[in-house]
Q: 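Okay, here's the structure, questions in a sec.
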Amino acid sequence: MTAMGMGTTLRNQLNKRRSVVRGVGACLPERVATNADLAKIIDTSDDWIVQRTGIRQRHIAGPGETTSTLATKAAERALAAAGLTAADIDLIIVATSTPDYTFPATATQVQAALGITRGVAFDVQAVCSGFVFAVATADKFLASGSHQRALVIGAETFSRILDWEDRTTCVLFGDGAGAIVLEAREDSGAAGVIGSRLRSDGRHRAKLYVDGGPSTTQTVGKLRMSGREVFKHAVGMVTDVMTDVFEDTGTTAADLDWFVPHQANERIIDASAAKLGIPLNKIVKTVALHGNTSAASIPLALSVAVDDGRIQPGQLVMIEAMGGGFTWGAALIRW
Ligand code: ACO
């Protein structure tokens, strides 16, 4: 069959320069706050938090720990897992909404901490969807031939933008970082990022936002959320983009080996999986242990499932997220 005679999907899959996952790493702050710990400082309970969210504990950054220090450690671990060194990297993308500073980009601080002086480093800001946006962005850089190996990092210290007197938000979030190394390959076989879809709709700003910023209040601000409103939109949005990715790539939910969603809330995760017919035993869940770490949650979950041997080479892994903006997206990766 000639290339002309092939379907677009198959032709794309055969010809593409692909972004292949070489390694995964993570870093969590040492300090852990359980639900019982939070119940000592605000009017809440372990029962309420577990029932509504599935969260049992979260990690909280301590003195000296920042988004860039967590990101750098996760990156070093991903490089070690890949059998690579910092010198092999020519692209760093950090997904974060809690940068060390308004500028420069956290990615450039990670670049400096790793001793990298070539290539480019920049941040993407899509709140909880940030890691999916960063993977899709890195994939397009690598597929274009402009770059060879990327560190794609999700890193957050949401504890620093929480209103610790607002029980409706402060119990939900945690800190951490996760990283993957993506490498461009012409001969990857079936492996690599095989599809991604990103979306945003700025009309939803008021449902989930931070009430400060350099150009408005000249303060950092605190996270504000209308949880019910977010919940109402989340399942529909993430299942829509996953369906788009399945269609783009000629796959179905039945082909998935692992579903690695953003870890915001167990009820959103389970409802999204149920809507697409993904069985519970194919879902990687870390929400109980990490809480919602925003852009870090997916690479943290990937790291857990790679380290414990669940995710294996050749398997098909769907990542998806939805967050402030709203932003939402999904990416399908053949490991
Ligand atoms: N502890 C005890 N009680 C609480 C707490 C708390 N931490 N927070 C709220 N309550 C109370 C409320 O005051 C309310 O009391 P009332 O009935 O006397 O007024 C009651 O619990 C119910 O509050 P709701 O907000 O209606 O609770 P709901 O069932 O909607 O659950 C939740 C709240 C968990 C935030 C839910 O709406 C949700 O999961 N939304 C999705 C939001 C989310 O996950 N966002 C993450 C960021 S975005 C993203 O990552 C996708």
Side-chain angles (χ1 to χ4, degrees), residues 33-58 95-98 125-133 154-159 161-176 178 198-202 204-211 222-242 259-273 275 285-288 290-301 319-330:
T34 63
N35 293 345
D37 293 331
L38 296 192
K40 290 177 199 149
I41 56 167
I42 44 158
D43 180 17
T44 190
S45 67
D46 180 55
D47 268 1
W48 191 96
I49 300 171
V50 172
Q51 266 180 26
R52 306 282 171 133
T53 72
I55 297 167
R56 293 180 183 275
Q57 62 169 49
R58 72 287 293 140
T96 188
S97 300
T98 45
Q125 211 276 46
V127 203
C128 298
S129 315
F131 185 75
V132 179
F133 277 54
E156 303 277 17
T157 45
F158 260 52
S159 66
I161 56 163
L162 295 174
D163 176 349
W164 284 99
E165 289 176 1
D166 175 9
R167 67 177 183 172
T168 69
T169 53
C170 75
V171 301
L172 303 175
F173 295 90
D175 301 334
L198 305 180
R199 294 286 312 279
S200 64
D201 185 343
H204 296 285
R205 185 193 78 90
K207 299 182 180 87
L208 176 54
Y209 66 104
V210 168
D211 63 4
K222 300 281 185 219
L223 180 146
R224 305 293 172 202
M225 179 174 70
S226 164
R228 281 197 172 183
E229 287 297 316
V230 175
F231 203 112
K232 228 165 60 187
H233 288 85
V235 175
M237 285 176 163
V238 299
T239 52
D240 278 357
V241 276
M242 284 195 277
F259 174 46
V260 187
H262 170 48
Q263 310 282 322
N265 180 309
E266 193 163 22
R267 290 187 298 160
I268 296 176
I269 293 172
D270 289 351
S272 305
K275 196 168 166 193
K285 285 188 207 173
T286 50
V287 64
H290 301 163
N292 180 352
T293 57
S294 185
S297 89
I298 291 172
L300 278 168
I319 62 173
E320 59 81 0
M322 178 259 193
F326 289 148
T327 57
W328 64 107

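Just follow the structure's listing: the first ligand is 1, and inside any ligand the first atom is 1. Side chains included, hydrogens not; waters and symmetry mates left out as well; all remaining heavy atoms used.
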Q: Using the rule given for side-chain contact (heavy atoms from CB on, under 4.5 Å), can you reason through V287 versus T53, listing the C-alpha separation, both sets of side-chain angles and the distance that settles it, and then say yes or no?
A: CA-CA 8 Å; V287 64; T53 72; 5.8 Å; no

Q: Determine if the distance from atom 19 (O) of ligand 1 to the closest protein heavy atom is below 4.0 Å.
A: no

Q: Quick one: are H233 and K207 in side-chain contact, heavy atoms under 4.5 Å?
A: yes

Q: Which heavy atom of G178 sits nearest a heavy atom of A296, and at what distance?
A: N-CB, 4.3 Å

Q: Measure from atom 30 (O) of ligand 1 to every heavy atom in M237, H262, R228, E266 and give the option owning the shortest one.
A: R228

Q: Specify the protein heavy atom at minimum distance from atom 36 (C) of ligand 1: its residue, its atom name, and the distance to 0.1 Å.
A: R267 NH2, 3.9 Å

Q: Are the side chain of Q263 and the backbone of S297 linked by a donor-acceptor contact shorter than 3.5 Å?
A: no

Q: Using a 4.5 Å cut-off on heavy atoms from C-beta on, say whether the side chain of Q57 contacts that of D37.
A: no

Q: Starting from atom 1 (N) of ligand 1, locate the nearest protein heavy atom and write down its residue, its atom name and how far away it is, to 0.1 Å.
A: T44 OG1, 2.6 Å

Q: Sub-3.5 Å donor-acceptor pair from the side chain of D240 to the main-chain atoms of M237, do we have one?
A: no

Q: Should you measure from each heavy atom of L208, which atoms of ligand 1 turn up under 4.0 Å away?
A: 47 (C), 48 (S)

Q: Should we say atom CD of E165 is surrounded by more than 12 heavy atoms from elsewhere, each under 6.0 Å from it?
A: no

Q: For S159, is there any backbone N or O sitting under 3.5 Å from a side-chain donor or acceptor partner on W164?
A: yes

Q: Could you tell me which atoms of ligand 1, counted from 1 in the order shown, lie closer than 4.0 angstrom to a heavy atom of M322?
A: 49 (C), 50 (O), 51 (C)

Q: At less than 4.0 angstrom from any non-hydrogen atom of T53, what atoms of ligand 1 do you find?
A: 34 (C)

Q: Nearest to atom 39 (O) of ligand 1, what protein heavy atom do you find, and at what distance?
A: N265 ND2, 2.4 Å

Q: Nearest protein heavy-atom contact for atom 9 (C) of ligand 1: which residue, which atom, what distance?
A: W48 CZ2, 3.4 Å

Q: Side chains of E156 and T293: donor-acceptor distance under 3.5 Å anywhere?
A: no

Q: With a 4.5 Å heavy-atom cut-off, do I268 and H262 have their side chains touching?
A: no

Q: How far is atom 22 (C) of ligand 1 from the closest protein heavy atom, and which atom is that?
A: R52 NH1, 3.6 Å

Q: Report the nearest protein non-hydrogen atom to atom 7 (N) of ligand 1: residue, atom name, distance rounded to 0.1 Å.
A: R167 O, 2.8 Å

Q: Taking all heavy atoms of A155 and all of T96, pick out the closest pair and write down the distance.
A: O-OG1, 2.6 Å

Q: Which ligand 1 atoms does N292 reach within 4.0 Å, using its non-hydrogen atoms?
A: 46 (C), 47 (C), 50 (O)

Q: I need the contact type for V230 against ligand 1. Using non-hydrogen atoms and a strict under-4.0 Å cut-off, is it side chain, backbone, both or neither?
A: side chain

Q: For F173, which part has a heavy atom under 4.0 Å from ligand 1: side chain, backbone, both, or neither?
A: side chain

Q: I need the N35 CG to I49 CD1 distance, nearest 0.5 Å.
A: 4.0 Å

Q: Which of the atoms of ligand 1 are close to C128, meaning less than 4.0 Å from one of its heavy atoms?
A: 49 (C), 50 (O)

Q: Would V171 count as a contact of ligand 1 if the rule is a heavy atom under 4.0 Å away?
A: yes

Q: Measure from the side-chain N and O atoms of R58 to the backbone N and O of V171, and report whether any donor-acceptor pair falls under 3.5 Å.
A: yes

Q: Nearest non-hydrogen atom to atom 44 (O) of ligand 1 belongs to which of G227, A264, A39, S226?
A: A264

Q: Would atom 11 (C) of ligand 1 count as contacted, meaning some protein heavy atom under 4.0 Å?
A: yes

Q: Mark whether atom 32 (C) of ligand 1 lies under 4.0 angstrom from at least one protein heavy atom.
A: no

Q: Nearest protein heavy-atom contact for atom 45 (N) of ligand 1: which residue, which atom, what distance?
A: M225 SD, 3.1 Å

Q: With a 4.0 Å cut-off, strictly under, does atom 16 (P) of ligand 1 pick up any protein heavy atom?
A: no

